[in-house]
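Working notes, structure below.
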Amino acid sequence: MKIFLILLMLCFLFQKEALGAENPRTICYLKDRLFVQQVNDIYLNPENYRSKLIQIEGFFNSYIDENNIKRYVVFRKTAGCCENDGSSGFEFVYKKGNINFKPDEWIFVEGIVKERLSGEPNDVYLEATSVVKKDKGDKKELVF
């Protein structure tokens, strides 16, 4: 009987942890290897990442959208065909402070996967809990 109660308590504990999106515990660090595939998987399956804390390093940039709102982006460069290189990463919002980075500075972003209710399907972004300038070190600028 004691073993049954202990197992039942463990099941409840893990279920509660998986459902608690406001206090994420699982960290998903996007590494250099398979970077583009990991980012694509998050865009295609955001529901699988709602309780995870995403960590990503890359270049910083910003742009003004069609509604005159300033948007921030963390991205890595990707190789394309026939001089058609691109980029892969996430838009992010940061509500805890000011963003004063210069374009192409290397940053580290930690955040929760969110989806905008209005707009295009798969309008996925990160709600950043931390954004810091970082030394690029041995991180690759170009990822696959």
Side-chain angles (χ1 to χ4, degrees), residues 5-144:
L5 289 174
I6 291 171
L7 289 174
L8 185 62
M9 288 177 13
L10 285 174
C11 288
F12 177 73
L13 175 70
F14 288 122
Q15 180 182 9
K16 186 176 181 181
E17 182 176 291
L19 295 174
E22 56 282 340
N23 193 8
R25 297 170 195 251
T26 305
I27 296 175
C28 182
Y29 178 66
L30 304 183
K31 299 179 182 179
D32 292 350
R33 190 168 179 220
L34 301 175
F35 182 91
V36 175
Q37 289 85 348
Q38 290 175 312
V39 170
N40 285 343
D41 191 51
I42 293 170
Y43 275 104
L44 294 173
N45 304 295
E47 65 279 356
N48 294 342
Y49 294 89
R50 285 196 184 115
S51 63
K52 293 179 173 64
L53 191 61
I54 304 298
Q55 294 178 332
I56 181 173
E57 288 184 57
F59 294 105
F60 169 79
N61 214 331
S62 63
Y63 68 96
I64 305 293
D65 72 5
E66 64 277 356
N67 297 319
N68 210 26
I69 297 172
K70 190 168 191 175
R71 306 284 185 177
Y72 303 108
V73 182
V74 57
F75 71 97
R76 300 288 274 283
K77 297 174 184 175
T78 61
C81 173
C82 310
E83 297 182 19
N84 189 19
D85 295 340
S87 62
S88 181
F90 291 99
E91 181 180 311
F92 67 91
V93 297
Y94 185 59
K95 299 177 181 176
K96 295 184 178 182
N98 294 328
I99 300 292
N100 294 320
F101 303 114
K102 295 176 185 164
D104 293 333
E105 283 188 310
W106 195 261
I107 62 171
F108 176 84
V109 177
E110 189 173 77
I112 309 298
V113 174
K114 299 284 184 173
E115 290 179 89
R116 287 195 182 84
L117 299 177
S118 60
E120 298 296 319
N122 295 330
D123 195 2
V124 175
Y125 67 98
L126 296 180
E127 187 173 286
T129 57
S130 174
V131 181
V132 294
K133 184 177 174 184
K134 191 171 182 183
D135 181 19
K136 186 168 69 88
D138 63 349
K139 295 291 178 187
K140 297 178 182 177
E141 293 180 12
L142 185 65
V143 291
F144 301 94

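Quick note: numbers below take in every heavy atom, side chains included, and nothing from hydrogens, waters or symmetry partners.
Proximity of K52 to V113: side-chain heavy atoms (C-beta onward) are nowhere separated by under 4.5 Å. Between I112 and L126 the shortest side-chain heavy-atom distance does not fall below 4.5 Å. A 4.5 Å side-chain heavy-atom check between V124 and Y49 finds every atom pair outside the cut-off. Between Y72 and V109, every side-chain heavy-atom pair lies at or beyond the 4.5 Å cut-off. A 4.5 Å side-chain heavy-atom check between F92 and F60 finds at least one atom pair inside the cut-off.
To the nearest 0.5 angstrom, K114 atom NZ is 9.5 Å from R50 atom CZ. Note that NZ of K31 and NZ of K139 are 8.5 Å apart. Values are rounded to the nearest 0.5 Å. Rounding to the nearest 0.5 Å places CG of L34 at 11.0 Å from CG of D41. Rounding to the nearest 0.5 angstrom, the gap separating the CZ atom in F108 from the CD1 atom in I56 is 10.0 Å. For the atom pair Y29 OH and Q38 CD, the distance stands at 10.0 Å (nearest 0.5 Å). Interatomic distance, OG1 of T129 versus CD of Q55, reported as 8.5 Å (0.5 Å rounding).
Heavy atoms from other residues, nucleotides or ligands lying under 6.0 Å from CG of D104 number more than 12.
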Can you list, pair by pair, the side-chain donor-acceptor contacts under 3.5 Å of residues 75-82, counting residues two or more places apart and other chains?
| unit_1 | atom_1 | unit_2 | atom_2 | d |
| --- | --- | --- | --- | --- |
| R76 | NE | K140 | O | 2.9 |
| R76 | NH1 | E57 | O | 3.1 |
| R76 | NH2 | D32 | OD1 | 2.4 |
| R76 | NH2 | K140 | O | 2.6 |
| T78 | OG1 | G86 | O | 3.4 |
| T78 | OG1 | S87 | N | 3.4 |

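Taking both residues in full, the closest heavy atoms of F35 and V143 are given as CD2-CG2, 3.5 Å, listed atom of the first, atom of the second, then distance. Here the shortest heavy-atom pairing between A128 and Y94 reads O-CD1, 3.5 Å.
Applying the side-chain contact (heavy atoms from CB on, under 4.5 Å) criterion to N40, with sequence neighbours excluded, gives V36.
Among residues at least two apart or in separate chains, salt bridge (charged side-chain N to carboxylate O under 4.0 Å, His left out) pairs with a member in residues 85-101 are R71-E91, E91-R116, K95-E127.
A side-chain donor-acceptor contact under 3.5 Å links D65 to the backbone of N67.
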